[in-house]
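Reading through the structure tokens given below for one structure.
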Amino acid sequence: MDKKSNGLGKLKLYILTLVMIGGFIFLLLTDMNNKQLEANGVKTQATIVEITSSRTRKGVTSKYGIAEYYDEEGNVHEFDGFVGNWEAEVGSKIEIIYDKDNPDNVIKDNPYLFIAVIGTGIVAGLLLLSCVLVTFKAKDKLSVNCMQQPVSDEELARVVREYMPQTKQNYQSKKNKYRSFDKLGEDELLNELIKRGDPLGELMKSGQKYVRENGELYLCAVIRSTDQNIYNDRISLSENPREAAQGHFTIPAFVVYDTSGYFQSHPSELKTAAQRLAGEVWGGQFSQEDMQLIDFLRDTSSRPFNLAYCGDLTMGHRVLITTVVLDKMHLCNKKLSNKLLYLLADPQNSKFSQILPAWYYSMWELSAF
């Protein structure tokens, strides 16, 4: 099957799912209304006065028509709808239920309606699950596995120098094709933070879209994540949909980068700067301001966005410290395996940034980073 046919098939599945969900909601509301009317309405008999149509399906004939009935005050009303199967005919009696406050609101008991609700709900649920699996299975195909290889500082610099331009070009040529996969996912814990007013909500809503379209590519190093779960394997949605849906797979993290290009040429020093900002230093003498910054970055509720710093922690080089959301699906091995990553950012025009998904990198970068 070619990509065009595959895409058309997915579109048909999505449309069918929406139609089935709409049908389920309609039948469910109808059944709820009928249940309420059955509990509070008035039961009486109506006389069929006209058969308007009949349909035969799988050997069963369903007849539709008009039946007249009288309310408690003796006023005549009409029921228009399903009146019965093969036995229904003009003059036959059917049982109906009407609203005593509004006698024109009338139903005929339909024992198959609840069965239809259950059946439609099951089909809609299966179709919805299929949509999720189809969507994330495609994302699974883009996911990248890699194995870290220790390299010298010189080799690391060579990898960045030679492969970063290719990665930029790869992103520019494929970002429109992969834009739906590049979008950050959401989990319950992240959504809970956003509900409480976390500024990451703005990043998820519009910030990530802006930097995907307008951001430049920078080399960054992870200072620390706000949750150690980022180092655990992500459960595959295609293998265990329920556990994967309930999993914690979008986790904020602090990263450091520079726009001058210095650390791009000295990536091992950027890793050292990130370690120092994380407080992983021994024997160093740092100012009170530097220690306050380290403590600030130890607080998982902190949200620095392009916080400028130049001091001993970064060996005298000016850097920007910012908060990103790490999506396990976007990372090599579906967990945080790399200290270095590429960042999409436009610090002159937006405070938000996004990590470049692993499917754009070369294997040389993924293994060396």
Do the side chain of [X] and the main chain of [Y] share a donor and acceptor less than 3.5 angstrom apart?
X: Arg196; Y: Leu193; value: no
X: Tyr361; Y: Tyr342; value: yes
X: Asp327; Y: Gly185; value: yes
X: Asp99; Y: Asp101; value: yes
X: Arg276; Y: Asp312; value: yes
X: Tyr218; Y: Asp346; value: no

Report whether [X] and [Y] are members of the same hydrophobic cluster (ILVMFWY, side-chain heavy atoms less than 4.5 Å apart, transitive linking).
X: Leu156; Y: Val255; result: yes
X: Val106; Y: Leu29; result: no
X: Trp86; Y: Ile48; result: no
X: Phe305; Y: Tyr210; result: no
X: Leu343; Y: Leu366; result: yes

Please test Leu297 against Ser302 for side chain to side chain contact (heavy atoms under 4.5 Å, CB included), starting from the C-alpha separation and ending with a verdict.
CA-CA 7 Å; Leu297 296 175; Ser302 298; 5.7 Å; no
Have a look at [X] and tell me which of [options] forms a side-chain contact (heavy atoms from CB on, under 4.5 Å) with it.
X: Leu200; options: Leu190, Val324, Thr250; answer: Leu190
X: Phe24; options: Ile118, Thr120, Val123; answer: Thr120
X: Leu184; options: Met329, Met204, Arg212; answer: Met204

Closest approach of [X] and [Y], non-hydrogen atoms and distance?
X: Glu72; Y: Tyr98; value: N-OH, 3.1 Å
X: Gly207; Y: Phe352; value: CA-CD1, 3.9 Å
X: Leu344; Y: Gly215; value: CD2-O, 4.2 Å
X: Pro252; Y: Thr323; value: CB-CG2, 4.4 Å
X: Cys332; Y: Ala358; value: N-CB, 3.7 Å
X: Lys339; Y: Ala274; value: CE-CB, 4.0 Å

Do [X] and [Y] have a side chain donor and acceptor closer than 3.5 Å?
X: Ser54; Y: Thr61; result: no
X: Asp227; Y: Ser225; result: no
X: Thr272; Y: Glu269; result: no
X: Asn232; Y: Lys328; result: no
X: Ser53; Y: Lys63; result: no

So Trp359 and Asn170, side-chain hydrogen bond (donor to acceptor under 3.5 Å, both in side chains) or not? Walk me through it.
CA-CA 10 Å; Trp359 42 79; Asn170 190 30; over 6 Å; no
Ring centres under 6.0 angstrom apart (Tyr257, Phe263)
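No.
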Answer with yes or no after comparing the ring centroid distance for Phe79 and Tyr69 against a 6.0 Å cut-off, counting only values under it.
no
Can you find a pair of side-chain heavy atoms, one from [X] and one from [Y], that are under 4.5 Å apart?
X: Ile355; Y: His330; value: no
X: Gln292; Y: Asp295; value: no
X: Leu320; Y: Thr322; value: no
X: Phe181; Y: Pro357; value: no
X: Met164; Y: Gln166; value: no
X: Ser350; Y: Val211; value: yes

What's the separation between atom [atom1] in [X] and atom [atom2] in [Y], rounded to the nearest 0.5 Å?
X: Thr226; Y: Leu326; atom1: OG1; atom2: CG; result: 8.5 Å
X: Lys335; Y: Asn229; atom1: NZ; atom2: CG; result: 11.5 Å
X: Gln169; Y: Leu217; atom1: CD; atom2: CG; result: 12.5 Å
X: Tyr360; Y: Gln172; atom1: OH; atom2: CD; result: 9.5 Å
X: Lys168; Y: Ser173; atom1: NZ; atom2: OG; result: 14.0 Å
X: Ser92; Y: Glu87; atom1: OG; atom2: CD; result: 7.5 Å

Let's go through Lys175 and Asp182 carefully: what are the C-alpha distance in whole Å and the side-chain angles of both, what is the deciding distance for salt bridge (Lys or Arg N to Asp or Glu O under 4.0 Å) to 0.1 Å, and is it a yes or a no?
CA-CA 8 Å; Lys175 67 178 182 180; Asp182 292 348; over 6 Å; no
Test side chain to side chain contact (heavy atoms under 4.5 Å, CB included) on Cys146 and Asn333; report intermediate values, then the result.
CA-CA 6 Å; Cys146 64; Asn333 299 327; 3.8 Å; yes
Kindly check if the number of other-residue, nucleotide or ligand heavy atoms within 6.0 Å of [atom1] ([X]) is above 12?
X: Arg161; atom1: CZ; result: yes
X: Phe296; atom1: CZ; result: yes
X: Met363; atom1: CE; result: yes

Test log, rule side chain to side chain contact (heavy atoms under 4.5 Å, CB included), inputs Phe369 and Leu341:
CA-CA 7 Å; Phe369 284 3; Leu341 296 165; 5.9 Å; no
Would you kindly check if the NZ (Lys) or CZ (Arg) of Arg318 is within the cone defined by 45 degrees around the ring axis of Tyr309 and under 6.0 Å from the six-membered ring centre?
no
So Gln45 and Ile96, side chain to side chain contact (heavy atoms under 4.5 Å, CB included) or not? Walk me through it.
CA-CA 6 Å; Gln45 288 194 326; Ile96 54 93; over 6 Å; no
Give the intermediate values and the outcome of salt bridge (Lys or Arg N to Asp or Glu O under 4.0 Å) for residues Glu155 and Arg158.
CA-CA 5 Å; Glu155 176 64 10; Arg158 183 194 69 81; 2.6 Å; yes
Please work out which of the three classes, parallel, tilted or perpendicular, describes the rings of Tyr262 and His317, given edges at 30° and 60°.
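Taking Tyr262 first and then His317, their aromatic rings lie parallel (interplane angle under 30°).
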Can you list the steps and then say if Thr167 with Glu365 is a side-chain hydrogen bond (donor to acceptor under 3.5 Å, both in side chains)?
CA-CA 9 Å; Thr167 300; Glu365 291 163 313; 2.7 Å; yes
